Amino acid sequence: MISANVLAVFYLISGVLFILALRGLSSPETSRQGNLFGIIGMALAIGVTIVSAGNFSTGFLYLIILLLIGGSIGAFIAFKIPMTAMPELVAGFHSLVGLAAVFVAVSAFLNPEVFNLGTPRNIKIASLIEMSLGAAIGAITFTGSIIAFLKLRGIMSGSPITFFGQHYLNLTLGLFLAGLIFYLCKTQVDTFFWTIILISFLLGILLIIPIGGADMPVVISMLNSYSGWAAAGIGFTLENTALIITGALVGSSGAILSYIMCKGMNRSFFNVILGGWGATEQSSSGKSKEQKPVKSGNADDAAFLMKNASSVIIVPGYGMAVAQAQHALREMVDVLKKNGVKVSYAIHPVAGRMPGHMNVLLAEANVPYDEVFELDEINNDFANCDVAYVIGANDVTNPIAKTDPQSPIYGMPILDVEKSKSVLFVKRSLSPGYAGIDNDLFYRDNTLMLFADAKKMTEDIIKSL
Amino acid sequence: MEIDPFIFRLSIFILSIFIGYYVVWSVTPSLHTPLMSVTNAISSVIIVGAIIAALAGETRNIFSTANIFGFLAIILAAVNIFGGFLVTQRMLAMYKKKKKDKK
């Protein structure tokens, strides 16, 4: 047995190790060491908890078996998952944290003596508030992440689901939750506790269904943040420093990522949360389409242009992930480099379906990370570049964001691909992107549209090179 | 008058938010996906609560409802811990390999 004080010191050490784990991610060189710190911190926290529980009988045996079962499932998923499916995976994992938080809160509610929270029906008020908040946020995280998972996986349509009075319904449910927590503290009646969890499950679903596919980077970051706050809530209930520190870290991490993603779209957080662009804007586009002339080309034209260029900038987007074109793209770049062409990659903050999505895919295809640049680092280089190769991106290149104050994406920072001498735009059709607006770039003189699947087109270009 | 321990925990919480704020801003944008998977893994430290809940009480009572919820939470958190750290490791290994190729 260890004393409560020693135990608290160990949890504090775990917390510090988790801080170091995040700190390591400031550069790819230190990141692996950081991950190791995280693993040590986790092992330490689990180890001392088991020792302090001091129960090495049947329960301990079950504990080990369950750890092994859960662990092997986790390890199996971690090794099998393709990198393109990373957004779904992260959403799925968030749902598990949320549900685990709910279960721990339920367990603490049913058996408060174990955690020194009082006795059933006579739980300390502060603990009741903390555990209801933890359970509620956990439940919202759980169902919200499941919806996000289904949308990302394509099982559910990515288009926003909206209905009349939706936001008022959510607001009412939120107020109802607050009222339930109040009455739970006042009466200690367990029906209130179960109702809190049920309402939160419902609220999680309702909050995520109006958010469209391309806003998923914000949703995932937000759910990441929620899972942290849920953990912190449970941490307060259990008076556990490791959980409180971790919850705060994860909570602020997710919040910052949401902020960065919103800024990348020049939209406020509430604007994203309150529902998608896609549904409302689609009708207004469509009209001026089809009339303007478009230059389209084939793989040979593209190969010719790029072979004779001195510098090429590649702009990948979600379409590259869908077509799994990252490996073909790397091969194409290798051939170009052999011909003395200077190649770099430009990544928009909201490219893909989660923060850093494109970077991971390029890393998977062995693209050195010092050839990959963020928006502010590379945006001035388009003016001096011969060819911009846009593969699977659309809205993030649309010059209308700078020129038309009426446009829904006005003010969004974009990659200035139109400044390069020629633009190669790989796309399956002329259809508008997620924001539902026509891309002016398609009709420019220096744009050559390559109508094909991203992967197939890239492979064809390699052949003609 | 003695200070309520809650205030100490609240202090830790608030200060950790600030640490998180500064640490996360220094994370390079190209590692934002690993950041999400590793934060996901560390938030599964909630398993600590699950273990306490699961192992509570006498051996013969180990299958009380409260304990069963603890055990369920252990499985969920374990999936996350192993899955989260390993998938982060896998991603970060790709970033590292490039460096070798390059130099």
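This one's a predicted model, so the numbers in the text were calculated from it and none came from an experiment. Side-chain atoms are counted along with the backbone in the values below, which use heavy atoms only and exclude waters and symmetry mates. Order of the sequence lines sets the chain letters (A, B, ...), proteins ahead of strands, with each chain counted from 1.
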Item to check | Greatest number of heavy atom pairs closer than 4.5 Å to chain A - which of B:Val87, B:Thr88, B:Ile74 | outcome: B:Val87

Checklist outcome for this item: Interface check, chain A: of B:Gly20, B:Ala66, B:Pro34, most non-hydrogen pairs under 4.5 Å belong to B:Ala66

Item to check | Most contacts with chain B, counted as non-hydrogen pairs under 4.5 angstrom, among A:Gly352, A:Ala100, A:Gly71, A:Ser252 | outcome: A:Gly71

Next on the checklist: Given heavy-atom pairs under 4.5 angstrom as the criterion, report whether the side chain, backbone, both or neither of A:Ile19 touches chain B.
Outcome noted: both

Next on the checklist: Apply side-chain contact (heavy atoms from CB on, under 4.5 Å) to residues B:Val23 and A:Leu249 and explain how you reach the verdict.
Outcome noted: CA-CA 9 Å; B:Val23 168; A:Leu249 289 178; 5.7 Å; no

Next on the checklist: Using heavy-atom distances under 4.5 Å, tell me whether A:Leu36 contacts chain B through its side chain, its backbone, both, or neither.
Outcome noted: neither

Item to check | Exam field: side chain B:Arg9 to backbone A:Ile244, donor-acceptor pair closer than 3.5 Å | outcome: no

Next on the checklist: Please classify the contact of B:Val45 with chain A as side chain, backbone, both or neither, using a heavy-atom distance under 4.5 Å.
Outcome noted: both

Next on the checklist: Between B:Asn80 and A:Phe93 (side chain of the first, backbone of the second, donor and acceptor by atom type, cut-off under 3.5 Å), is there such a pair?
Outcome noted: yes

Checklist entry - Would a 4.5 Å heavy-atom cut-off, applied to side chains only, mark B:Leu92 and A:Leu25 as touching? => result yes

Checklist entry - Can you tell if the side chain of B:His32 reaches within under 4.5 Å of the side chain of A:Asn359, non-hydrogen atoms only? => result no

Item to check | Full working for side-chain hydrogen bond (donor to acceptor under 3.5 Å, both in side chains) between A:Arg23 and B:Ser26 | outcome: CA-CA 8 Å; A:Arg23 182 74 189 109; B:Ser26 72; 2.9 Å; yes

Checklist entry - Checking heavy atoms, do the side chain of A:Ile39, its backbone, both or neither come under 4.5 Å from chain B? => result both

Item to check | Which atoms of A:Ser27 approach chain B - backbone, side chain, both or neither, heavy atom under 4.5 Å | outcome: backbone

Checklist outcome for this item: Most heavy-atom pairs under 4.5 Å with chain B, out of A:Ile46, A:Ile347, A:Leu17, A:Leu96, belong to A:Leu96

Checklist entry - Minimum heavy-atom separation for A:Glu374 to B:Ser30, with atom names? => result OE2-N, 3.9 Å

Item to check | Greatest number of heavy atom pairs closer than 4.5 Å to chain B - which of A:Val104, A:Thr49, A:Val114, A:Asn35 | outcome: A:Asn35

Checklist outcome for this item: Exactly one of A:Val106, A:Asn111, A:Leu110 clears side-chain contact (heavy atoms from CB on, under 4.5 Å) with B:Thr65, and that residue is A:Leu110

Item to check | Sub-4.5 Å side-chain heavy-atom contact between B:Val27 and A:Ser26 | outcome: no

Checklist entry - Between A:Met83 and B:Arg90, does a side-chain contact (heavy atoms from CB on, under 4.5 Å) hold up when you go through it step by step? => result CA-CA 10 Å; A:Met83 285 297 146; B:Arg90 205 178 127 204; 3.5 Å; yes

Item to check | Derivation of the side-chain contact (heavy atoms from CB on, under 4.5 Å) call for B:Met94 and A:Tyr369 | outcome: CA-CA 10 Å; B:Met94 300 185 315; A:Tyr369 57 79; over 6 Å; no

Checklist entry - Hey, what do you get for CD1 (B:Ile19) to CZ (A:Phe18), rounding to the nearest 0.5 Å? => result 14.0 Å

Item to check | Close side-chain approach of A:Lys124 to B:Phe6, heavy-atom, < 4.5 Å | outcome: no

Item to check | Winner by heavy-atom pair count (cut-off under 4.5 Å) against chain B, out of A:Ile69, A:Ile260, A:Val90, A:Thr241 | outcome: A:Ile260

Next on the checklist: I need the residue from A:Glu239, A:His357, A:Met86 with the largest number of non-hydrogen atom pairs under 4.5 Å to chain B.
Outcome noted: A:Glu239

Checklist entry - Is it the backbone or the side chain of B:Ile14 that comes under 4.5 Å from a heavy atom of chain A, or both, or neither? => result neither

Checklist outcome for this item: When every non-hydrogen atom of B:Gly83 is compared with those of A:Ala78, the smallest separation belongs to O-CB, 3.6 Å

Item to check | A:Ser221, part contacting chain B, at a heavy-atom distance under 4.5 Å | outcome: both

Next on the checklist: Does any backbone or side-chain atom of A:Glu113 lie under 4.5 Å from a heavy atom of chain B? Answer side chain, backbone, both or neither.
Outcome noted: neither

Item to check | Segment of A:Ile234 engaging chain B (4.5 angstrom heavy-atom cut-off) | outcome: side chain

Checklist entry - Among B:Ile17, B:Asn40, B:Leu76, which has the most heavy-atom pairs under 4.5 Å with chain A? => result B:Asn40

Checklist entry - Between B:Thr28, B:Ile12, B:Ile81, B:Val38, which has the largest tally of heavy atom pairs under 4.5 Å with chain A? => result B:Thr28

Checklist entry - Given that the side chain runs from C-beta out, which part of B:Ile47 has a heavy atom under 4.5 Å from chain A: side chain, backbone, both or neither? => result side chain

Next on the checklist: Under 4.5 Å from any heavy atom of chain B, what part of A:Phe115 do you find: side chain, backbone, both or neither?
Outcome noted: side chain

Checklist entry - Can you tell me if A:Ser107 and B:Asn67 form a side-chain donor-acceptor pair at under 3.5 Å? => result no

Item to check | Close side-chain approach of B:Leu31 to A:Ser31, heavy-atom, < 4.5 Å | outcome: yes

Item to check | Contacting region of B:Leu72 [heavy-atom separation from chain A under 4.5 Å] | outcome: both

Item to check | Verdict with supporting geometry, B:Thr33 and A:Met354, side-chain contact (heavy atoms from CB on, under 4.5 Å) | outcome: CA-CA 7 Å; B:Thr33 299; A:Met354 74 185 295; 3.8 Å; yes

Checklist entry - Checking A:Leu89 against chain B: side chain, backbone, both or neither under 4.5 Å from a heavy atom? => result side chain

Checklist outcome for this item: So CD1 of A:Ile65 and CZ of B:Phe71: to nearest 0.5 Å the spacing works out to 9.5 Å

Checklist entry - So A:Phe236 and B:Phe13, would you call those rings parallel, tilted or perpendicular, with 30° and 60° as cut-offs? => result perpendicular

Item to check | When B:Ile42, B:Leu86, B:Ile75 are compared by non-hydrogen pairs under 4.5 Å with chain A, the top option | outcome: B:Ile42

Checklist entry - Taking A:Leu238, A:Leu67, A:Ile77 one by one, which has the highest count of heavy-atom pairs under 4.5 Å against chain B? => result A:Leu67

Checklist entry - Taking B:Ser16 for the side chain and A:Thr246 for the main chain, is one N or O donor matched with an acceptor at less than 3.5 Å? => result no

Next on the checklist: Quick one: does any side-chain atom of A:Ser253 pair with a main-chain N or O of B:Val24 as donor and acceptor, under 3.5 Å?
Outcome noted: no

Item to check | Per-residue contact mode, A:Phe76 against chain B (heavy atom under 4.5 angstrom) | outcome: neither

Item to check | Part of A:Tyr259 within contact of chain B (heavy atom distance under 4.5 Å) | outcome: side chain

